[in-house]
**Student:** 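Have a look at this one.
Just so it is clear, the structure is predicted and the values come from calculations on it, not from any experiment. Worth knowing before you read on, the calculation uses all heavy atoms, side chains too, and leaves out hydrogens, waters and symmetry mates. Here is how names work: the chains are called A, B, and so on, in the same order as the sequence lines, proteins then strands, and each is numbered from 1.
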Amino acid sequence: MKFERYGIGLIKGMMVTIQHLLRHPTVSQYPEQRLNISRRTRGNELIWSREKCTGCATCAKTCPQGAIEIVTSTNLADNKYEVETYRVDTGYCIQCGLCVEACPYDALFMGYSFERAKYRRGDLVQSDDELLESPERPASGYYHPEIAEKLPEQTLLIDKIVEKRK
Amino acid sequence: MTVALSGKDIAGQLEEKFPGSIEETGQECVVVKSDSLLAVAEYLKNTGSLAFDYFNYVTAVDYYSYFEVVYQLASIKHNHSFVIKTRCYDRENPTVPSVIGLWQGANFQEREIYDLMGIKFEGHPNLKRLFLWEGFQGHPLRKDYLQ
Amino acid sequence: MATPDLLIRTLPMQAVPPDWPGGYWWHWLFFTVVLIAFVLTMVMAVIYVERRGLGRMQSRLGPNRTGPFGLLQPVADAVKVLLKENIVPDKADKLVHWLAPVIAFAPVLMIFAVVPFQNGALLADLNIGILYVVAISSVATVGVFMAGWGSSNKYSLLGAMRNVAAVVSYEMPLVLAVVGVVLVAGSLSMNQIVLAQDLPFILFQPLGFLIFFAAGCAEINRSPFDLMEADQELVAGFHTEYSGMKFAMFYLVEYAEAIAIAAIITTLFLGGWRGPLLPPWLWFIVKIFVVFFIMVWTRSTFPRVRIDQLMAFAWKFLFPLALINLFITAIQVLIWPDALPWILIIVNFAIMGILILLWSKLFKLGWGRLEV
Amino acid sequence: MTTTEMMTLKTEPFMLNFGPVHPSTHGVYRMRATLDGEVILDIEPVVGYLHRGIEKLTEERTYSGIIPLTDRLDYISPMSNNLGYCLAVEKLAGIKVPERAEYLRVIIAELQRLANHCIAVGSFLNDTGAYYTPFMYAFREREKIIDLFDMVCGQRLTYSYMRIGGVSQDIPDEFLPALNKLVEQLSRWVDEYDFLLMQNEILLARTKGVGILPRETAINCGISGPVARGSGVNWDLRKADPYSVYDRFEFDIPQGENGDCYDRYRVRVEEMRQSLRIIKQAMNDVPAGPVRADVPHLIRPPKGEAYAHVEAPKGELGYYLVSDNSIAPYRCHIRPTSLINLTALREMVKGWKVADLIAIFGSIDITMGEVDR
């Protein structure tokens with residue numbers, strides 16, 4: 001162990017840090033500056049389509065957390081299942097997206113919004129109408145490329161830095 | 001490509017060297033009796049043509065009637081691998097000799113098995129629970145473990 | 001009531017400059033208030049500079065939410081930390097734990113008594129000013145050690161032990177570097193040293209400057225010698241167990257010490273308050289900020305040294321170089337008192353280069369492992 | 001009493017707990033250290049603060065439902081964990097993965113290696129005391145990689161991208177151009193990183209010759225990954241036992257000589273360069289086609305057992321699966337890289353100082369999620 005390089009390595013390192021002082025910082029100021037999130041974002045809620053759902057409960061079987069609860073009854077007149085309750089406890093949901101993939105009728109989507117903090121665990125349970133798509137609760141393009149196309153393009157850090165150095 | 005050695009070849013060699021040590025021969029593994037495990041392991045490690053110097057992992061599986069302890073070995077020199085297994089039929093006090101003298105890498109893993117499966121490794125210098133606290137009742141990875 | 005006059009006559013203290021208002025006591029009061037205000041505001045300013053500077057060097061922004069450009073962040077920090085609960089460990093030595101921050105803080109303020117802000121503008125122009133600085137600055141270590149011992153925490157104790165070891169070792173090269181300056185200036189008084197610097201002494205004493213800077217950084221726990229509060233190893237070193245007001249005191253000490261060292265470097269090597277155009281006190285503050293910025297810069301770049309390397313660096317690298325530097329300076333002062341300054345400058349820089357190269361070759365840190 | 005005996009200081013060892021809550025134990029690792037002043041006489045590792053019983057949980061979940069669990073093992077590099085698990089199930093069930101998926105897997109796994117080494121190198125340098133600067137730079141670069149992962153799978157930490165028989169979705173159109181740009185920027189950055197600290201005297205003094213792990217010990221302790229390669233063990237599963245399509249790419253295996261902290265650090269930085277090389281080769285010939293084999297959602301592999309391992313960024317990560325022809329595995333054992341790499345820590349730190357303990361521990365690069373499972 002020796003002081004081998006007469007301190008040249010120290011000075012080289014200092015040059016790098018001083019260059020960064022003059023560069024533009026790479027962070028963005030979150031609540032004011034919002035970047036576009038990925039088109040396939042798996043937000044922390046589920047979007048459910050009442051019309052398409054047939055009540056097959058594949059989603060509930062696939063869910064590794066057991067967060068989906070679905071109660072169906074048989075409508076003998078039309079000879080089909082009718083969904084009575086569809087409830088997702090998003091407090092248990094780990095946003096793995098397996099239910100969306102499993103759904104054979106494309107009736108389930110991941111949510112695109114992400115600011116859904118609540119004060120109580122009970123508020124995180126979504127049921128029936130709270131799961132329907134609405135302007136405040138857009139659907140994400142995860143596993144649904146036709147939705148992904150319509151969403152804004154994701155901001156990438158690689159583009160952002162190049163942009164600012166000009 | 002790591003070559004998985006054929007169980008038959010190794011079993012033949014072992015049978016010649018340690019008669020009566022083999023319990024069963026699989027496609028890529030042999031099941032040895034637990035009392036001759038150490039001798040077999042030492043042979044596998046120190047024989048020039050085998051030279052299993054690298055210890056991949058050890059784990060245990062609970063098959064209700066017996067515990068199976070699985071050792072996967074590899075040789076960095078010859079780039080081949082092999083699995084030896086041993087069984088213990090005693091559910092109350094299952095015991096297997098520890099291979100820590102041959103491969104240091106077994107240290108934490110044997111403690112883990114002792115912790116979660118309840119198999120005692122004879123000759124382990126520091127056989128304590130690894131993940132769970134001292135005084136924990138039962139061994140969670142056993143199939144008959146209930147809360 | 002002859003006490004004040006007696007005090008003035010007996011103490012080695014220069015008479016009050018004629019252009020300063022009031023008598024001795026007024027002068028004393030005025031400068032005490034000014035000094036405390038100066039130190040506190042400067043601490044806030046340097047904390048801001050450090051946090052923003054570090055942020056930008058790490059390609060972050062640094063605090064920017066409180067006030068314009070985050071200027072009020074130090075104030076917000078101070079308010080927050082003062083409102084915190086004061087927690088004292090159960091097994092702590094209560095008295096020592098309570099006294100430690102005070103004992104650490106007082107000497108740092110006292111250093112500023114002899115630092116000239118302008119010609120003659122100082123609390124006490126001691127004719128042994130620099131000696132006073134060296135003596136008083138070591139007292140802060142006692143406070144740190146009390147903090148480490150009184151907390152009854154092993155991390156704190158380790159940190160305090162490291163601090164004592166470092167200060168004892170680095171005092172030697174520090175003083176030897178100062179002696180070089182004193183030889184050139186021909187006086188121990190801080191004001192006289194500044195007055196002697198027609199050219200800043202960093203030009204005549206480049207090696208002395210480097211030694212003083214390194215040793216100074218080590219004395220005040222600045223990176224890369226910040227072993228005493230090495231947060232990756234010792235959580236927070238000696239002030240692990242401090243909270244609230246008492247923690248604020250240590251935080252204050254840390255930055256006040258940095259300002260003190262920056263002020264002494266400014267006075268000894270950078271020509272103090274002297275400079276063209278700007279008013280003298282502004283020059284002084286600008287120079288302090290420049291020195292402090294270099295400390296921030298090194299902090300953002302360097303890893304930390306180990307304790308045995310810290311010792312080796314002091315005794316095997318800085319100490320011999322400081323001795324050689326002192327000899328060379330003495331020879332120059334004796335033999336060439338009237339030499340042209342520019343020739344001396346070139347000679348000194350050449351000597352510095354040669355010595356550093358040579359010592360880098362000879363220097364060995366030693367082997368860190370012990371057989372156990 | 002002789003003079004030397006009188007001169008010798010009588011010291012007394014004391015115990016100090018590093019962790020479970022400590023700035024640089026990378027989670028909730030705890031070392032019960034016996035110190036003599038600054039010198040470490042002995043350490044005893046205590047783990048289990050993050051034990052979630054993942055191996056038990058797997059016995060009650062479907063084969064595809066385990067994929068999100070594997071994300072939570074080594075949460076710094078979930079893609080590699082996904083890959084290892086999927087390979088094991090594919091081996092068990094005999095599933096052939098489409099070509100395009102194999103290439104995507106390789107690209108993603110190598111990106112994951114880059115992201116992991118960013119954190120490993122950054123936090124190692126932070127542990128040696130460089131005040132968060134290399135850490136921040138490394139995280140900035142990781143952020144760029146995470147952006148791409150976000151693009152393909154919609155999540156930034158627990159990706160769950162790999163599926164049994166392929167990957168969950170095809171990459172979007174903008175992925176490959178972005179990857180191209182990223183590779184270009186990253187190679188520039190690795191050089192800058194070299195410049196920042198690689199030759200720094202203080203770093204050299206702190207890490208060279210510190211915490212030497214001899215080659216024989218490394219092999220005997222079953223240590224894998226950059227730690228083993230830093231000790232000169234030429235053992236990289238991508239070369240030794242090529243899985244996926246790694247045999248089609250050209251790359252080197254960097255190795256250290258002394259097995260000290262500096263070598264491990266160097267090996268990681270070199271591996272980043274090699275990963276970039278693999279990505280460059282792979283992204284130019286990604287074939288067209290499906291990205292997922294036709295695998296039922298509730299797959300029932302035939303009775304049997306399989307062990308598949310991958311070269312995860314931290315070392316050999318393996319899954320030993322036993323199937324009883326039901327929808328859940330009978331037993332799933334995970335070979336934890338981080339836990340096994342910790343085996344030699346005790347020998348490595350004995351006799352070094354407290355500061356070295358932190359540096360050596362940092363150079364091993366563990367994740368507590370994987371140690372405790």
Side-chain angles (χ1 to χ4, degrees), chain C residues 50-51 53-62 153-159 161-162 165 214 222-227 229-237 240 295-313 317 360 363-372, chain D residues 13-19 21-25 33-42 123-141 196-197 200-212 348-359 361-362:
Chain C
E50 167 146 47
R51 294 185 65 176
L54 272 179
R56 292 302 296 272
M57 284 182 195
Q58 296 170 353
S59 85
R60 300 182 281 124
L61 276 170
N153 176 321
K154 289 164 188 168
Y155 289 123
S156 306
L157 189 61
L158 272 179
M161 272 160 37
R162 286 178 176 188
R222 295 293 302 192
S223 180
F225 308 108
D226 54 346
L227 293 140
E229 44 201 275
D231 51 342
Q232 284 88 6
E233 296 147 27
L234 301 181
V235 189
T240 309
M295 289 184 191
V296 174
W297 191 7
T298 54
R299 183 177 181 199
S300 77
T301 315
F302 296 156
R304 183 183 302 121
V305 298
R306 203 169 56 204
I307 181 73
D308 57 326
Q309 292 164 353
L310 182 85
M311 292 292 145
F313 188 66
F317 192 83
S360 301
F363 174 62
K364 265 187 190 153
L365 281 172
W367 199 247
R369 187 168 188 270
L370 295 180
E371 287 302 327
V372 289
Chain D
F14 66 100
M15 292 266 292
L16 184 54
N17 265 311
F18 285 95
V21 184
H22 185 275
S24 47
T25 48
T34 312
L35 303 178
D36 182 5
E38 288 264 348
V39 182
I40 288 157
L41 301 180
D42 197 3
S123 55
F124 165 63
L125 292 176
N126 193 31
D127 284 348
T128 58
Y131 188 82
Y132 292 102
T133 310
F135 194 63
M136 286 290 166
Y137 294 175
F139 262 70
R140 182 188 63 201
E141 304 312 316
L196 175 65
L197 278 176
N200 189 309
E201 277 83 356
I202 299 174
L203 186 79
L204 290 178
R206 276 298 301 281
T207 56
K208 269 210 164 166
V210 173
I212 290 178
M348 280 152 82
V349 299
K350 265 188 184 178
W352 291 100
K353 306 270 191 301
V354 173
D356 296 319
L357 168 68
I358 303 298
F361 182 69

**Student:** Within the structure provided, determine whether Arg306(C) and Trp352(D) are in side-chain contact (heavy-atom separation under 4.5 Å).
**Tutor:**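 A side-chain contact under 4.5 Å exists here.
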**Student:** As an exercise, state the distance from CZ of Phe139(D) to CZ of Arg60(C), rounded to the nearest 0.5 Å.
**Tutor:**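 Spacing of CZ (Phe139(D)) from CZ (Arg60(C)) equals 13.0 Å.
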**Student:** Against chain C, label Asn126(D) side chain, backbone, both or neither, depending on which of its atoms sit under 4.5 Å from a heavy atom there.
**Tutor:**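 Interface part for Asn126(D): both.
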**Student:** Please state whether the side chain, the backbone, both or neither of Leu357(D) comes within less than 4.5 Å of a heavy atom of chain C.
**Tutor:**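 Answer is neither: Leu357(D) stays 4.5 Å or more from chain C.
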**Student:** Quick one: list whatever passes side-chain hydrogen bond (donor to acceptor under 3.5 Å, both in side chains) with Tyr137(D), sequence neighbours left out.
**Tutor:**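 Scan of Tyr137(D) (side-chain hydrogen bond (donor to acceptor under 3.5 Å, both in side chains), adjacent residues dropped) gives His20(A).
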**Student:** Report yes or no: does Lys154(C) contribute a side-chain atom to a donor-acceptor pair with the main-chain N or O of Met15(D) at less than 3.5 Å?
**Tutor:**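 Checked: pair present.
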**Student:** Parallel, tilted or perpendicular, judged at 30° and 60°: which one describes the rings of Tyr155(C) and Phe18(D)?
**Tutor:**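 Perpendicular: the ring planes of Tyr155(C) and Phe18(D) meet at over 60°.
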**Student:** Can you tell whether the side chains of Glu38(D) and Arg162(C) come within less than 4.0 Å, N to carboxylate O?
**Tutor:**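 Looking at Arg162(C) together with Glu38(D), the answer is yes, because their closest N to O distance falls below 4.0 Å.
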**Student:** Just by modelled atom types, is the Thr128(D) backbone N or O under 3.5 Å from a matching donor or acceptor in the Arg304(C) side chain?
**Tutor:**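 Side chain of Arg304(C) to backbone of Thr128(D): no pair is present.
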**Student:** So which of Leu203(D), Leu204(D), Thr207(D) actually passes side-chain contact (heavy atoms from CB on, under 4.5 Å) with Pro303(C)?
**Tutor:**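 With Pro303(C) as partner, Leu203(D), Leu204(D), Thr207(D) yield a single side-chain contact (heavy atoms from CB on, under 4.5 Å), made by Leu203(D).
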**Student:** Give, for atom CG of Leu158(C) and atom NZ of Lys353(D), the distance between the pair rounded to the nearest 0.5 Å.
**Tutor:**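 Nearest 0.5 Å value for the CG-NZ distance: 12.5 Å.
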**Student:** Could you tell me which residues satisfy side-chain hydrogen bond (donor to acceptor under 3.5 Å, both in side chains) with Thr133(D), sequence neighbours excluded, listed by chain and number?
**Tutor:**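 Checked Thr133(D) against side-chain hydrogen bond (donor to acceptor under 3.5 Å, both in side chains); matches are Gln58(C).
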**Student:** At a heavy-atom separation under 4.5 Å, does Leu157(C) approach chain D through its side chain, its backbone, both, or neither?
**Tutor:**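 Neither the backbone nor the side chain of Leu157(C) comes within 4.5 Å of chain D.
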